[in-house]
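Every value quoted in this text rests on a predicted model; they were computed, and no experiment measured them. Below, each value reflects all heavy atoms present in this structure, side chains not excepted, and no hydrogens, waters or symmetry copies. Order of the sequence lines fixes the chain letters, A, B, ..., with proteins taken first and strands second; residue numbering starts at 1 for each chain.
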There are 2 protein chains.
Amino acid sequence: MDKKPQILHRSLVAESRLFRIESIDLRFSNGVERTYERLVPGGSGAVMMIALLDDDTFALIREYGGGVEDYTLTLPKGAVDLGESMRDACNRELQEEIGFAAREFIYLKKMSLSPSYMRGGIDVVLARDLFPSKLEGDEPEPLELVPWKFSDLPELYARDDFNEGRAIAGLALAIEYLAGRFEGAVL
Amino acid sequence: MDKKPQILHRSLVAESRLFRIESIDLRFSNGVERTYERLVPGGSGAVMMIALLDDDTFALIREYGGGVEDYTLTLPKGAVDLGESMRDACNRELQEEIGFAAREFIYLKKMSLSPSYMRGGIDVVLARDLFPSKLEGDEPEPLELVPWKFSDLPELYARDDFNEGRAIAGLALAIEYLAGRFEGAVL
């Protein structure tokens, strides 16, 4: 099982404006053959930020989720533009989405959305030493900034409108980092 | 912003064996119009389990991820079959993936993979009071069971081969539940 399956064939089976779907024929090391499908995102990656408004408070945004067709609370995030550094992407998204820039960015981890069905992932970054600074984004309507305290996390987890797995995960990593149990890297 | 956007038009724009992609034309309450795309999963839902092997140990599996084209560590999970209860789906997947059944299942939360781009989600369930019981699954090769201690979580978070956002999130919810800070519901 340490030996990766052999890729027999790979093809593009469907494509839309945002998504590409690849089909991949695999032969596992035990000889079993299977056809897998995966989503291949376009672009240069994505970032998600735990932005500290003070030592115990982080920034949530309320935005319309086209996938679930409802408003949800989640962490600020967005796509990295072509040629843009991860730090610049973080700082641009923060200014567009919550109206703050940051002086310090700590890289925490690359997370996969679904290792089974999706290539690519999102980079999780802690932002602190914030100051007001606004940039115009491409949102169809202004996002609402919702400050939330780490000490009130269980109430957040219990809300139906806070349900994005990656956001729960990002906060868990930030808590471990802030408690000194998990290493980050200054960007 | 409390008023949801109006759905002007909805159409299927791409389809493969596993995925369907919908395009949705929206008019936000401020009059701005946008076209969104989202993935619509097939099937009857999915479950992810934090299965307690003892009070401080949960079950990880090592499996090949077709999306990232590598072996990764994650939590046991799988699709709910047509007509199957969530509890039965959890118990079947556990027996197929780690060779244990459970006597107690606690429902924790429905998580979305991406509220922006995906409909549907995965139900997170804590399983305990486990006993050996094996069912044959549809895996192309046997999965490896990797027991992991909650006290060693920071080491797990630091591993490159443990990167699924939903798994980090599921563990965070289980920890809150076990500490009595988050309510679950017996299945």
Engineer: Checking heavy atoms, do the side chain of B:Leu26, its backbone, both or neither come under 4.5 Å from chain A?
Structural biologist: side chain
Engineer: Against chain B, label A:Leu113 side chain, backbone, both or neither, depending on which of its atoms sit under 4.5 Å from a heavy atom there.
Structural biologist: both
Engineer: Name the option with the most non-hydrogen atom pairs under 4.5 Å to chain A; the candidates are B:Ile24, B:Leu39, B:Val13.
Structural biologist: B:Leu39
Engineer: Check B:Tyr71 against A:Lys3 and note the closest heavy-atom contact, atom names and distance.
Structural biologist: OH-O, 3.5 Å
Engineer: Inspect the surroundings of CG in A:Asp129 and state if more than 12 heavy atoms from other residues, nucleotides or ligands are less than 6.0 Å away.
Structural biologist: yes
Engineer: Please determine, among B:Leu171, B:Ile175, B:Thr72, B:Asp70, the option with the most heavy-atom pairs under 4.5 Å with chain A.
Structural biologist: B:Asp70
Engineer: Is chain B contacted by the side chain of A:Glu176, its backbone, both, or neither, given a heavy-atom distance below 4.5 Å?
Structural biologist: side chain
Engineer: Does the side chain of B:Glu141 reach to within under 4.5 Å of the side chain of A:Ser29, using non-hydrogen atoms?
Structural biologist: yes
Engineer: For the candidates A:Glu155, A:Glu15, A:Met118, which exhibits the highest count of non-hydrogen atom pairs separated by less than 4.5 Å from chain B?
Structural biologist: A:Met118
Engineer: For each of B:Tyr36, B:Tyr177, B:Phe28, tally heavy-atom pairs with chain A at distances under 4.5 Å, and name the one with the top tally.
Structural biologist: B:Phe28
Engineer: Has B:Asp55 got more than 12 heavy atoms of other residues, nucleotides or ligands less than 6.0 Å from its CG?
Structural biologist: no
Engineer: Can you say whether A:Thr35 sits under 4.5 Å from chain B via the side chain, the backbone, both, or neither, judging by heavy atoms?
Structural biologist: both
Engineer: Under a 4.5 Å cut-off applied to non-hydrogen side-chain atoms, are B:Leu75 and B:Ile50 in contact?
Structural biologist: yes
Engineer: Shorter than 4.5 Å, heavy atoms on both sides: which option in B:Gly31, B:Gly67, B:Ser16 has the most such pairs with chain A?
Structural biologist: B:Gly67
Engineer: If I take atom OG1 from residue A:Thr57 and atom NZ from residue A:Lys149, how far apart are they, to the nearest 0.5 angstrom?
Structural biologist: 3.0 Å
Engineer: Could you measure the distance from the CZ atom of A:Phe19 to the CZ atom of B:Arg20? Nearest 0.5 Å is fine.
Structural biologist: 13.5 Å
Engineer: Do B:Glu69 and A:Arg38 meet the salt-bridge criterion of a basic N to acidic O distance under 4.0 Å?
Structural biologist: yes
Engineer: Flag the pair A:Ile7 / A:Asp25 as yes when at least one side-chain heavy-atom distance between them is below 4.5 Å, and no otherwise.
Structural biologist: no
Engineer: If the contact rule is any heavy atom under 4.5 Å from chain B, which residues of residues 86-103 of chain A qualify, in numerical order?
Structural biologist: none
Engineer: Taking atom CZ of A:Arg62 and atom CG of A:Leu73, what is their separation to the nearest 0.5 Å?
Structural biologist: 4.5 Å
Engineer: Go through the side-chain N and O atoms of B:Ser151 and B:Asp56 and say whether any donor and acceptor fall under 3.5 Å apart.
Structural biologist: yes
Engineer: Please look at B:Leu18 and chain A and tell me whether the side chain, the backbone, both or neither of the residue comes under 4.5 angstrom of a heavy atom of that chain.
Structural biologist: both
Engineer: Answer yes or no: is there a side-chain heavy-atom contact under 4.5 Å between A:Leu60 and A:Leu156?
Structural biologist: yes
Engineer: Only heavy atoms, only distances under 4.5 angstrom. Which residues in residues 131-139 of chain A are near chain B?
Structural biologist: A:Asp138, A:Glu139
Engineer: Could you walk me through whether B:Leu126 and B:Phe105 pass the side-chain contact (heavy atoms from CB on, under 4.5 Å) check?
Structural biologist: CA-CA 6 Å; B:Leu126 184 86; B:Phe105 294 90; over 6 Å; no
Engineer: Against chain B, label A:Lys110 side chain, backbone, both or neither, depending on which of its atoms sit under 4.5 Å from a heavy atom there.
Structural biologist: backbone
Engineer: Count the heavy atoms belonging to other residues, nucleotides or ligands that lie under 6.0 Å from OH of B:Tyr117, then report whether that count exceeds 12.
Structural biologist: no
Engineer: What I'd like to find out is whether the side chain of B:Ile21 reaches to under 4.5 Å of the side chain of A:Ile21, using heavy atoms alone.
Structural biologist: yes
Engineer: Which region of A:Leu108, side chain (C-beta onward) or backbone (N, CA, C, O), has a non-hydrogen atom less than 4.5 Å from a non-hydrogen atom of chain B, or is it both or neither?
Structural biologist: neither
Engineer: Hey, what do you get for CG (B:Leu130) to CG (B:Leu52), rounding to the nearest 0.5 Å?
Structural biologist: 7.5 Å
Engineer: Given the rule that I, L, V, M, F, W and Y join up when any side-chain heavy atoms are under 4.5 Å apart, are A:Leu145 and A:Phe58 in one cluster?
Structural biologist: no
Engineer: Would you check if there is a donor-acceptor pair between the side chains of A:Asp123 and A:Tyr107 at a distance under 3.5 Å?
Structural biologist: yes
Engineer: Between A:Thr74, A:Val32, A:Leu153, which shows the greatest number of heavy-atom pairs under 4.5 Å with chain B?
Structural biologist: A:Val32
Engineer: Which one, B:Ala14, B:Pro5, B:Ala172, B:Ser114, leads in non-hydrogen pairs under 4.5 Å with chain A?
Structural biologist: B:Pro5
Engineer: Where do A:Val68 and B:Ser112 come nearest, in terms of heavy atoms and distance?
Structural biologist: CG1-OG, 4.1 Å
Engineer: Could you list which of residues 178-187 of chain A have a heavy atom closer than 4.5 Å to any heavy atom of chain B, in residue-number order?
Structural biologist: A:Arg181, A:Phe182
Engineer: Would you mind reporting whether A:Ser11 and A:His9 have side-chain heavy atoms less than 4.5 Å apart?
Structural biologist: yes
Engineer: With chain B, which of A:Ser23, A:Gly170, A:Pro154 has the greatest number of heavy-atom pairs at distances under 4.5 Å?
Structural biologist: A:Pro154
Engineer: Name, in order of residue number, those residues of residues 162-169 of chain A that have a heavy atom at a distance of less than 4.5 Å from a heavy atom in chain B; otherwise write 'none'.
Structural biologist: A:Phe162, A:Asn163, A:Glu164, A:Gly165, A:Arg166, A:Ile168, A:Ala169
Engineer: What I'd like to find out is whether the side chain of A:Met49 reaches to under 4.5 Å of the side chain of A:Lys77, using heavy atoms alone.
Structural biologist: no
Engineer: Do the side chains of A:Val125 and A:Val80 join up, straight or via other hydrophobic residues, at under 4.5 Å, putting them in one cluster?
Structural biologist: yes
Engineer: Most heavy-atom pairs under 4.5 angstrom with chain A, which of B:Glu37, B:Glu33, B:Lys109?
Structural biologist: B:Glu37
Engineer: To the nearest 0.5 angstrom, please state how far the CD atom of B:Glu63 sits from the CG atom of B:Leu143.
Structural biologist: 5.5 Å
Engineer: Sort A:Arg159 into side chain, backbone, both or neither according to what part of it lies under 4.5 angstrom from a heavy atom of chain B.
Structural biologist: backbone
Engineer: Quick check: is B:Val124 connected to B:Ile61 through a chain of hydrophobic side chains (ILVMFWY, heavy atoms under 4.5 Å apart)?
Structural biologist: no
Engineer: Sort out for me which of A:Ser116, A:Gly66, A:Pro140 touches chain B most, counting heavy-atom pairs under 4.5 Å.
Structural biologist: A:Pro140
Engineer: Please classify the contact of B:Arg119 with chain A as side chain, backbone, both or neither, using a heavy-atom distance under 4.5 Å.
Structural biologist: both
Engineer: Does any non-hydrogen side-chain atom of A:Asp152 lie less than 4.5 Å from one of A:Tyr157?
Structural biologist: no
